[in-house]
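Whatever order the structure lists ligands and atoms in, that order sets their numbers, starting from 1.
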Amino acid sequence: MKFVDEFRDPGLGRVLAGQILAEVEPGRRYKVMEVCGGHTHSIYKYGVDDLLPANVELVHGPGCPVCVIPMGRVDDGIAIAHEPGVIFTCFGDMMRVPGSRGSLLEAKAAGADVRMVYSPLDALRIAKANPDRQVVFYAIGFETTAPSTALTLMRAKAEAVPNFSVMCNHVTIVPPLRALLESPDLRLDGFIGPGHVCTVVGARPLRFIPAQYERPVVIAGFEPLDILQAIHMILRQLAEGRCEVENQYTRVVPPDGNRRALEVMAQVFELRPHFEWRGLGFISQSGLKLSAAYADLDAELRFGVPGVRVADPKACQCGEVLKGVIKPWECKVFGTACTPERPIGTCMVSSEGACAAYYNFGRFAREREVV
Ligand code: SF4
């Protein structure tokens with residue numbers, strides 16, 4: 001397969017749907033979690049779940065980078081953005097994430113110099129072009145984006161750019177998955193593994209799921225046929241009584257990941273003892289900060305941040321959505337008080353957020369009969 005259309009072939013999709021149907025046990029309910037927000041987006045964009053038997057339920061996981069940023073970290077970013085002389089840079093989605101007193105977009109409207117960038121290197125370029133200003137990059141994302149932040153920091157150090165720093169909000173995928181598996185209110189039969197993260201970390205870090213929790217994992221790509229094939233592979237493992245990590249996304253994910261990316265991450269970052277996740281609370285060793293060698297480029301140290309913990313709004317049920325406990329349309333404010341134009345919670349902000357995916361593709365309610 002060379003062209004993307006081939007990964008969206010309706011005929012092959014129907015063949016895979018038939019194979020999935022042949023694999024399920026009548027009367028048994030299956031809950032499969034897609035970890036990554038990119039999968040959630042594809043599932044609803046292409047109607048993948050419409051091809052599944054009613055007793056196969058897809059549950060949405062915590063793998064959307066914007067969705068997991070807690071309000072306190074947004075407030076901390078806004079506090080830095082309001083510092084005199086600061087140019088505050090971040091990805092576009094991040095600008096709309098609500099903090100306790102508004103978003104970075106609203107801070108920009110109020111006079112802060114907040115700019116959208118497409119990569120941390122853009123932020124570094126802005127720093128070099130504005131030597132009399134302090135330029136801060138608000139870094140978010142899992143292991144997928146952390147290497148590009150690490151390489152940018154290495155370049156900033158090598159080129160001795162004194163007015164560039166990073167507020168690091170990078171997180172790692174394994175600790176929240178472990179927390180979910182330990183959660184008593186969630187029963188899962190298997191996982192669609194995060195293809196982008198695994199491009200960097202490989203398959204090995206997910207092996208604890210079958211080894212310790214006896215659940216199959218299939219690392220998957222992001223086209224509809226990828227996702228259908230991954231679901232079929234998970235159901236086949238269950239039918240055959242197997243439980244292992246399989247890689248459907250072999251065209252992109254090497255078994256050992258990207259060694260060079262892992263090396264630069266190890267040089268630039270170290271684990272925080274704990275990090276707060278939106279709706280999930282504090283999770284041990286789940287967040288990254290700049291290592292001692294890069295502490296001079298750490299915006300949190302350069303500016304000092306309030307670091308106040310802010311509770312989510314009462315109406316917000318992002319935590320339950322991120323844990324797969326409820327569907328987005330079950331949140332009381334879904335599609336009414338909370339919309340992509342005026343989000344209350346983070347899951348409605350990014351296209352990778354489950355609430356935004358449901359809203360944008362018209363999934364205002366979905367009840368399925370088990371046959
Ligand atoms: S509808 Fe809004 S408040 Fe409710 S879970 Fe989704 S993002 Fe959060």
For Y138 and F88, I'd like to know if the aromatic rings sit close, meaning centre-to-centre distance below 6.0 Å. yes
For atom 2 (Fe) of ligand 1, grab the closest protein heavy atom and report residue, atom and distance to one decimal in Å. C338 SG, 2.4 Å
Could you check, using the six-membered ring where one of them is a Trp, whether H196 and F222 have ring centers closer than 6.0 angstrom? yes
Protein contact to atom 4 (Fe) of ligand 1 [nearest heavy atom, distance to 0.1 Å]: C331 SG, 2.3 Å
Taking the six-membered ring where the residue is Trp, are the ring centres of F137 and F91 under 6.0 Å apart? yes
With heavy-atom distances below 4.0 Å as the criterion, list the atoms of ligand 1 near V333. 3 (S), 4 (Fe)
Considering non-hydrogen atoms of the protein only, which is the closest contact for atom 8 (Fe) of ligand 1, and what is the distance? C318 SG, 2.4 Å
Polar contact flag, side-chain donor to acceptor under 3.5 angstrom, H274-S286: no
Donor-acceptor side-chain pairing of T40 and E34 below 3.5 angstrom: yes
Is any N, O or S atom of C355 under 2.8 Å away from atom 8 (Fe) of ligand 1? no
Atoms of ligand 1, numbered as shown, that sit under 4.0 Å from any heavy atom of V321: 5 (S)
Run the numbers for me: atoms of ligand 1, each under 4.0 Å from some heavy atom of M348, listed by number. 7 (S)
List ligand 1 atoms under 4.0 Å from G345, heavy atoms only on the residue side. 2 (Fe), 3 (S), 7 (S), 8 (Fe)
Quick one: sort the Y358 and H60 rings into parallel, tilted or perpendicular, breaks at 30° and 60°. perpendicular
